[in-house]
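Read the structure below first, then the notes.
First the proteins, then the strands, lettered A, B, ... as listed; each starts at 1. Quick caveat: nothing in here was measured; it's all calculated off a predicted structure.
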Protein chains: 2
Amino acid sequence: MTLAEKAYVSLRKDIVEGCFAPDSPLRLADLSERYGMGFSPLREALNRLQAERLVTAESLRGFRVSARSLAEFEDALHARLLVETEALRLSIAHGDDAWEASVVAALYALRRQAGRADGDVDELKTRHHAFHRALLAACRSDWLLDFFERLYAATERYRIPALTAAGPQKRDIDAEHGAIADAVLARDTELAEQLLRDHYLRTATTIRSGMSPA
Amino acid sequence: MTLAEKAYVSLRKDIVEGCFAPDSPLRLADLSERYGMGFSPLREALNRLQAERLVTAESLRGFRVSARSLAEFEDALHARLLVETEALRLSIAHGDDAWEASVVAALYALRRQAGRADGDVDELKTRHHAFHRALLAACRSDWLLDFFERLYAATERYRIPALTAAGPQKRDIDAEHGAIADAVLARDTELAEQLLRDHYLRTATTIRSGMSPA
DNA sequence: AATTCGATAATTTTCGAAAATCATGGTTGC
DNA sequence: GCAACCATGATTTTCGAAAATTATCGAATT
């Protein structure tokens with residue numbers, strides 16, 4: 001793996017996880033020290049992230065972490081529902097036994113991690129992502145999967161602060177995931193789509209309540 | 001505008017227009033001579049294009065123009081229908097007088113150019129793109145507009161060879177554009193969506209017939 | 001004849017410095 | 001007092017060369 005790729009992975013992770021404040025400038029000298037590399041690989045990574053809308057660039061004024069706003073979150077959520085319901089529909093239509101098995105496995109792994117008291121939050125997030133990706137993986141559309149990844153990263157930036165703030169978590173998220181998996185395995189397209197939609201809308205409500213309507 | 005931005009614009013245009021053969025390697029020495037700049041701005045542009053799926057990269061083996069295949073075209077077309085019908089619906093719902101005017105203007109400009117005998121094909125393509133963007137511009141979703149631009153570029157790579165091959169062009173594309181604009185201005189969402197869908201499906205048929213099913 | 005090996009060439013990747021541009025703070029003139 | 005202006009420092013952008021890796025070609029070997 002080249003330095004530029006490492007820079008891309010590290011920067012992306014740190015931005016999505018909120019290590020840099022939204023809208024804060026990403027100065028090359030700082031990044032160079034933080035990640036222990038020269039300017040070239042960092043600039044390449046920043047250009048890729050710019051194309052993914054995680055960072056913004058202004059000519060001769062460098063890069064910044066993309067700003068967050070309630071409007072952008074609502075937009076990303078709406079796009080996500082559009083893309084993921086379609087991808088889920090296709091996945092249910094095309095998925096074979098191996099796909100079903102991978103969904104079961106991803107759900108199992110997610111529950112296993114969620115059940116641990118000594119929660120490694122990082123691993124939990126990875127498995128949550130993996131479960132949602134497994135649901136769509138059989139859709140046979142590289143474009144829809146690409147959009148899913150983009151939107152997942154974009155919304156993750158909003159979800160994480162809401163999770164750590166973790167108010168009165170009345171929801172049984174585990175049950176929601178289970179119900180989606182059941183509907184998927186039963187090939188009940190309509191139900192699965194409805195459950196997925198509700199799942200996201202509930203998450204959205206949680207996040208909205210924790211955000212100032214900037 | 002910085003050199004890296006110029007490199008991005010030039011490279012993107014040349015790739016979309018097919019100046020480089022699909023799957024051909026993009027060697028830095030060649031690009032450096034072609035565009036008259038050093039490696040740094042070129043690599044930055046290539047990284048952005050990689051994030052847009054117009055070029056692929058392999059570690060230590062450089063960049064290539066993305067390969068084309070019938071499967072990828074079908075995928076992009078399907079994603080396009082999903083994204084654009086939704087964006088069109090939203091645009092009709094939210095668009096104001098200024099938006100209507102911009103649609104009329106874009107259609108007028110497109111027809112004006114299409115009517116010229118001394119066709120500047122480049123300008124025609126620009127206006128065609130502008131018309132389709134104008135239809136969606138009022139959707140108030142940056143994400144959907146972003147996806148539209150991505151998918152437009154991806155499918156343009158297939159459309160252009162089909163156009164220059166220009167077999168028996170039985171379609172009256174001008175009439176199709178006019179009908180879409182009429183439906184949009186009449187705020188007839190269902191009809192507009194149907195016409196847009198038909199428009200793309202017809203284009204797809206033309207392209208399919210001109211492509212070997214690789 | 002086919003294959004492995006090694007040397008050479010070609011190419012990508014990375015760095016460090018130079019060039020270009022932007023931001024800051026103090027100074028001058030009104 | 002205050003705005004315009006210029007020097008200075010900070011930052012981005014670009015280049016050219018060095019480092020690292022891959023591809024190529026021919027000779028030696030089986």
Side-chain angles (χ1 to χ4, degrees), chain A residues 1-16 18-68 146 149 157, chain B residues 1-16 18-68 146 149 157:
Chain A
M1 197 189 250
T2 64
L3 277 179
E5 288 171 306
K6 286 190 193 124
Y8 168 76
V9 172
S10 306
L11 259 172
R12 191 173 200 279
K13 178 163 152 39
D14 289 345
I15 289 171
V16 170
C19 299
F20 303 107
D23 206 44
S24 64
L26 293 163
R27 293 224 183 71
L28 287 167
D30 298 344
L31 299 178
S32 178
E33 191 185 9
R34 179 183 176 107
Y35 298 109
M37 58 183 71
F39 290 178
S40 307
L42 288 168
R43 287 186 64 85
E44 295 193 15
L46 288 166
N47 274 287
R48 287 176 65 177
L49 293 167
Q50 181 193 4
E52 292 184 29
R53 300 175 44 133
L54 284 172
V55 315
T56 60
E58 208 173 346
S59 272
L60 297 174
R61 231 166 279 189
F63 300 88
R64 312 176 80 79
V65 181
S66 289
R68 279 191 312 209
D146 189 62
E149 294 295 345
R157 295 178 66 215
Chain B
M1 195 189 251
T2 64
L3 278 179
E5 289 170 305
K6 285 188 194 126
Y8 169 75
V9 172
S10 307
L11 259 171
R12 190 175 200 277
K13 178 162 152 36
D14 289 345
I15 289 171
V16 170
C19 299
F20 304 107
D23 205 46
S24 64
L26 293 164
R27 294 224 181 75
L28 286 168
D30 298 344
L31 299 178
S32 177
E33 191 185 7
R34 180 183 175 106
Y35 298 109
M37 57 183 71
F39 289 178
S40 307
L42 287 169
R43 287 186 64 85
E44 295 193 15
L46 289 166
N47 274 287
R48 287 176 64 177
L49 292 167
Q50 182 193 4
E52 293 183 30
R53 297 175 45 133
L54 285 172
V55 315
T56 60
E58 209 173 344
S59 271
L60 298 173
R61 232 168 278 190
F63 300 88
R64 311 177 81 80
V65 181
S66 289
R68 279 190 312 209
D146 188 62
E149 293 295 345
R157 294 178 67 215

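Heavy atoms only, all atoms of each residue included: A/P22 and A/A67 are closest at CB-CA, 4.3 Å. Of all heavy-atom pairs spanning A/C19 and A/R34, the tightest one is CB-NH2, 4.0 Å. Scanning all heavy atoms of the two residues, the minimum distance from A/S24 to A/A21 falls at OG-O, 2.6 Å.
In this structure, CD on B/E52 lies 9.5 Å from CD on B/E149, to the nearest 0.5 angstrom.
With rounding to whole Å, A/L26 atom CG is found 13 Å from D/dT11 atom P. One atom, CD of A/E44, and another, P of C/dC15, lie 11 Å apart when rounded to the nearest Å. Between the P atom of D/dT13 and the CG atom of A/L28 lies a distance of 7 Å, rounded to the nearest Å. Going from atom CD of B/E5 over to atom P of D/dT12 covers 15 Å, rounded to whole Å. Atom pair B/L3:CG and D/dT12:C1' shows a separation of 13 Å (rounding to whole Å applied).
Within residues 29-43 of chain B, the residues approaching DNA chain C are B/F39, B/R43, by heavy-atom distance under 4.0 Å. Applying a 4.0 Å cut-off to non-hydrogen atoms, the residues of residues 58-65 of chain A that approach DNA chain C are A/L60, A/R61, listed by residue number. Heavy-atom distances under 4.0 Å link DNA chain C to no residue of residues 45-53 of chain A.
Among A/V55, A/L11, A/D30, the single residue meeting the side-chain contact (heavy atoms from CB on, under 4.5 Å) criterion with A/F20 is A/L11.
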Polar pairs (N or O, both sides) under 3.5 Å between protein and nucleotides 5-8 of chain D?
none

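The closest side-chain heavy-atom distance from A/S66 to A/R157 is below 4.5 Å.
Scanning for side-chain hydrogen bond (donor to acceptor under 3.5 Å, both in side chains) contacts around A/K13 gives A/E17, A/D122, with sequence neighbours left out.
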Show the atom names and distances, to 0.1 Å, of all donor-acceptor pairs under 3.5 Å that link a side chain in residues 35-50 of chain A to residues at least two apart or in another chain.
| residue | atom | partner | partner atom | Å |
| --- | --- | --- | --- | --- |
| A/Y35 | OH | A/D14 | OD2 | 2.6 |
| A/R43 | NE | B/E44 | OE2 | 2.5 |
| A/R43 | NH2 | B/E44 | OE1 | 3.1 |
| A/R43 | NH2 | B/E44 | OE2 | 3.3 |
| A/E44 | OE1 | B/R43 | NH2 | 3.1 |
| A/E44 | OE1 | B/N47 | ND2 | 2.9 |
| A/E44 | OE2 | B/R43 | NE | 2.4 |
| A/E44 | OE2 | B/R43 | NH2 | 3.3 |
| A/N47 | ND2 | A/R43 | O | 2.8 |
| A/N47 | ND2 | B/E44 | OE1 | 2.9 |

